[in-house]
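First listed ligand is number 1; within each ligand, the first listed atom is number 1.
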Amino acid sequence: MSTAMGPRPRPEILTIAPYIGGESHVPGVNRVLKLSSNEGAFGAPPGAQAAYIRLASEIFRYPDGAASDLRAAIGARFGLDPARIVCGNGSDDLIYQLALSYGGAGTELIMTRHGFSMYHIAGRYAGMRVIKVPERNLTADVDAILAAVSPATRLVCLANPNNPTGSLLTAREITRLRAGLPAEVLLLLDAAYAEYVTRTDYEPGAAFVDAGDNVVMTRTFSKIFGLGGLRLGWAYAPPAVIDVMNRVRNPFNTNAAAQAAAIAALAEPGWVEKSREHNTLWRQRLGDALRALGITIWPSEGNFLLADFATPERATAANAHLRERGIIVRPMGGYDLPHCLRITIGTAEECELVAAALSDFMAGTPHG
Ligand SMILES: *Cc1c(COP(=O)(O)O)cnc(C)c1O
């Protein structure tokens with residue numbers, strides 16, 4: 001805490017509520033199921049683990065600050081020019097750098113009401129006014145976003161699919177959003193969950209980046225690639241934005257272990273396919289099971305479900321019930337959804353344990 005006499009941060013810093021991550025422990029419970037951070041259901045790819053271990057004797061060396069081999073591997077995998085890729089210490093790092101570079105005092109960042117909370121933190125850090133626009137059915141509303149644009153707008157941040165709601169804007173809607181934005185507004189399409197999407201009317205963002213100068217797509221190794229602990233994200237952006245990012249980012253913002261593990265994760269045979277198939281199956285099964293219990297489950301394109309318990313009291317009681325059984329999910333008060341819990345799709349066994357625990361809960365407590 002700052003005192004009246006001591007060093008004082010910029011006033012907007014103290015308006016930032018610290019990010020609350022998913023918990024990993026419940027006091028008094030030995031074995032927990034951590035379904036609170038949307039980490040992949042299958043852990044880290046075996047090849048990535050081996051690459052990480054192989055690197056052990058080399059960790060005295062500085063990493064390749066340009067992450068050249070990794071950018072080449074990402075480019076090959078996704079059919080993108082490595083010169084238009086920049087890597088970050090998680091995609092959170094890249095979101096910060098974009099806000100700090102394009103924002104500043106007197107500028108505005110637009111996000112949606114239940115958008116990913118890092119946009120708010122990064123925007124405030126950059127001295128920006130953060131405007132949260134209404135959604136429709138927990139889905140971003142292109143018209144509401146466009147209506148909020150002012151001469152001060154510098155950045156529009158949209159997770160697609162969105163966390164925590166799971167909702168998605170189609171390629172058509174993103175086309176409309178992009179077409180309606182002034183040329184000087186940067187559109188950040190955060191596609192952290194792109195690999196989980198099976199809909200054919202979806203485009204993660206590369207096509208929009210290629211179509212102009214004001215779209216950036218961010219991606220991450222933290223979700224389907226199972227490397228959240230190593231912190232690695234990347235952005236695909238127009239050359240002018242890449243130039244800016246390479247000026248301001250920490251020169252060694254991605255570490256050597258993360259680079260090696262990520263290259264191996266990209267090469268893991270069938271990993272993404274297996275993970276996506278599992279997710280599609282169990283997202284549907286768990287969703288159906290919970291709906292059958294009378295819980296409202298929002299449609300999700302990610303590796304999580306937003307379970308709606310109608311009131312904050314019931315969501316809190318359901319969360320307490322799950323915790324007593326060692327199941328950690330994510331309470332949503334910070335997202336203005338205090339009546340909801342976000343549940344990551346885990347293994348088949350984990351999904352079944354969640355369904356059984358919530359079945360108990362619904363049977364044991366009066367509701368309706
Ligand atoms: C998990 C997540 C990320 C990934 O963040 P990293 O810093 O790469 O771990 C980015 N955006 C959204 C919307 C997410 O849910």
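For the pair Asp336 and Lys132, the salt-bridge criterion is not met [side-chain N within less than 4.0 Å of a carboxylate O]. At a threshold of 4.0 Å, the pair Arg84-Asp210 counts as salt-bridged, since one of the basic side-chain nitrogens sits closer than that to a carboxylate oxygen. Of the charged side-chain nitrogens involved, none lies within less than 4.0 Å of a carboxylate oxygen, so that Glu108 and Arg154 do not count as a salt-bridged pair. One finds no salt bridge joining Asp201 and Arg172 here, because no Lys/Arg side-chain nitrogen approaches an Asp/Glu carboxylate oxygen to under 4.0 Å.
At least one heavy atom of Ala192 sits less than 4.0 Å from an atom of ligand 1. Under a 4.0 Å heavy-atom criterion, Asn38 is not in contact with ligand 1.
The environment of CZ in Arg129 is sparse: at most 12 heavy-atom neighbours from other residues, nucleotides or ligands sit within 6.0 Å.
Residue Arg231 has at least one nitrogen or oxygen atom sitting less than 3.5 Å from a nitrogen or oxygen atom of ligand 1, judged on distance alone. Checking only distances, Tyr119 never comes within under 3.5 Å of ligand 1, N or O to N or O.
Side chains of Arg330 and Ser36: a donor-acceptor N/O pair is absent below 3.5 angstrom, by distance only.
At the top of the distance list for atom 4 (C) of ligand 1, counting protein heavy atoms only, stands Ser91 OG, 3.3 Å. Looking from atom 11 (N) of ligand 1 to the surrounding protein, the closest heavy atom is Asp190 OD2, 2.6 Å. Nearest protein heavy-atom neighbour of atom 9 (O) of ligand 1: Ser222 OG, 2.6 Å. Protein heavy atom at the shortest distance from atom 2 (C) of ligand 1 is Lys223 NZ, 2.4 Å.
Taking every heavy atom of Asn163 and a limit of under 4.0 angstrom, the matching atoms of ligand 1 come to 13 (C), 14 (C), 15 (O). Which parts of ligand 1 touch Ala159 is read off a 4.0 Å heavy-atom cut-off, strictly below it: atoms 13 (C). The ligand atoms of ligand 1 that sit less than 4.0 angstrom from a heavy atom of Tyr193 are 1 (C), 14 (C), 15 (O). The atoms of ligand 1 that sit less than 4.0 Å from any heavy atom of Gly90 are 6 (P), 7 (O), 8 (O).
For the pair Leu305 and Arg283, the minimum side-chain heavy-atom distance is below 4.5 Å.
The residue Phe221 has no part lying near ligand 1, judged by heavy-atom distances below 4.0 Å. Contact annotation: for Asp92 versus ligand 1, heavy atoms closer than 4.0 Å belong to both the backbone and the side chain.
Across Ala83 and Ile242, no two heavy atoms sit closer than the pair O-CG2, 3.6 Å. Here the closest non-hydrogen pair linking Arg249 and Cys87 is CD-O, 4.3 Å.
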